[in-house]
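The structure appears below as structure tokens.
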Amino acid sequence: MNYDNPRLILDSSNPPEPGGITWRSPSNIAIIKYWGKYGVQLPQNPSLSLTLAAACTDTRLEYEMRENTGGIELDFFFHQQPNEAFAAKIKTYLESLVPVFPFLEQLKFTIYSGNSFPHSAGIASSASAMSALALALCSLEDLLFGTLKEPEAFDRKASWLARLGSGSACRSIFPHAAVWGESRFVPGSSNEFAVPVGDRLHELFKDFHDDILIVSADEKAVSSRDGHALMEANPYAATRYEQARTRMGTLLDAMQAGDLGTFGKIAEDEALTLHALMMCSNPSYILMQPGTLAIIDRVRAWRAETGHPVYFTLDAGPNVHLLYPGEIVAEVRGFIEEELTEFCENGHYLQDWVGEGPEEL
Ligand code: DP6
């Protein structure tokens with residue numbers, strides 16, 4: 001896939017009016033995890049995620065023609081405040097996209113970005129933030145050149161661009177669920193962009209919850225980039241990648257049939273495998289905390305006691321995601337309040353659910 005396009009140049013004798021584009025894009029939660037990459041942001045194994053709804057980023061991209069060309073001109077505001085650290089990252093990202101969007105060097109940009117969840121919630125915002133920006137860039141291309149009218153082509157390019165910003169972000173482009181990475185079980189799947197798989201899933205995944213128990217809101221002990229790099233020397237890497245490739249088929253079959261038992265078994269095993277891989281990396285990281293383990297214990301006990309299909313997953317951190325169908329929302333919320341919030345920082349947890357994907361505002 002090569003999106004380099006020298007024709008996307010603005011005619012300076014007929015400059016566009018200044019304008020702006022705003023996208024709201026959600027976070028996602030991986031059921032089969034992406035952990036390990038190669039080349040330019042390419043995954044070592046396919047991953048599958050549910051697209052969330054409540055945890056999202058709003059990004060407004062304002063542009064105006066400028067006189068000089070060369071380099072990226074950008075002001076960046078996060079929750080109304082100038083943010084130099086984010087500005088530098090976004091600038092590097094946009095610079096890398098100049099062969100794809102040569103017009104980026106002809107415009108001056110101001111970006112306003114903000115998350116629906118508190119910055120200190122211990123939730124990674126790279127997936128929602130990078131997907132929102134990628135979508136805004138595709139809308140800008142279409143507005144200036146009329147070249148992305150076809151929705152499938154638009155989404156594919158947005159997913160490809162989002163991947164370059166943060167791997168997991170490429171999955172946030174699609175409603176309900178997406179697969180990123182070549183898989184023999186998903187026609188049209190690719191290492192370069194995600195594809196939607198929501199249509200293949202049982203109805204119950206359209207009303208499906210992910211409540212996020214905030215065990216700690218501290219900064220991550222290891223960045224995603226460093227974490228992925230640790231897989232290069234991990235003695236279990238090859239076995240792990242093969243496991244993910246094989247179980248993609250089992251997971252999709254289970255999700256199609258509405259078989260929550262198999263879905264939950266894979267979700268929990270993926271979370272614990274991710275953490276096991278971090279524990280036996282060099283250097284080693286233990287990102288679970290006592291509260292994480294206590295919650296896992298209680299969830300398993302409550303499930304055995306009540307028979308309710310509630311399962312956990314984890315990202316590269318201590319917070320626990322509880323996955324369950326909408327029909328038991330009242331029971332699970334009662335359980336969380338009674339038995340789990342005592343392990344959460346300030347009793348804090350976030351309610352999220354499977355959503356319809358990004359929207360232009
Ligand atoms: C554990 O997408 O944050 O959440 O590509 O370096 O930005 P970069 O990594 P990132 O990694 C996410 C890892 C994960 C699992 C997942 O979301 O699949």
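Indexing begins at 1, ligand by ligand and atom by atom, following the structure's order. This is a predicted model, so every value here is computed, not measured.
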Protein N/O near ligand 1 N/O, under 3.5 Å, which pairs?
residue, atom, partner, partner atom, Å
ligand 1, 2 (O), Ser166, OG, 3.3
ligand 1, 2 (O), Ser168, N, 2.8
ligand 1, 2 (O), Ser168, OG, 2.7
ligand 1, 3 (O), Ser224, OG, 2.9
ligand 1, 4 (O), Asp315, OD1, 3.3
ligand 1, 5 (O), Tyr34, OH, 2.7
ligand 1, 5 (O), Lys37, NZ, 3.4
ligand 1, 5 (O), Gln41, NE2, 3.4
ligand 1, 5 (O), Gly167, N, 2.7
ligand 1, 6 (O), Lys37, NZ, 2.8
ligand 1, 7 (O), Ser166, OG, 2.7
ligand 1, 9 (O), His228, NE2, 3.0
ligand 1, 11 (O), His228, NE2, 3.0
ligand 1, 17 (O), Arg171, NH2, 2.8
ligand 1, 18 (O), Tyr34, N, 2.9
ligand 1, 18 (O), Arg171, NH1, 2.9
ligand 1, 18 (O), Arg171, NH2, 3.2

Residues at least two apart in sequence or cross-chain that pass salt bridge (charged side-chain N to carboxylate O under 4.0 Å, His left out) with Asp210, listed by chain then number, are none

Using the rule given for salt bridge (charged side-chain N to carboxylate O under 4.0 Å, His left out), can you reason through Lys157 versus Glu141, listing the C-alpha separation, both sets of side-chain angles and the distance that settles it, and then say yes or no?
CA-CA 11 Å; Lys157 188 163 185 176; Glu141 175 190 326; 2.6 Å; yes

Members sharing Tyr34's hydrophobic cluster, built from side-chain contacts under 4.5 Å between Ile, Leu, Val, Met, Phe, Trp and Tyr, are Trp180

Exactly one of Phe109, Phe145, Tyr63 clears ring pair (Phe, Tyr, Trp, His ring centres under 6.0 Å) with Phe103, and that residue is Phe145

Quick note, salt bridge (Lys or Arg N to Asp or Glu O under 4.0 Å) partners involving residues 273-283, not counting sequence neighbours, are none

Aromatic ring pairing Phe335/Trp302, orientation class (parallel under 30°, perpendicular over 60°, tilted between)
parallel

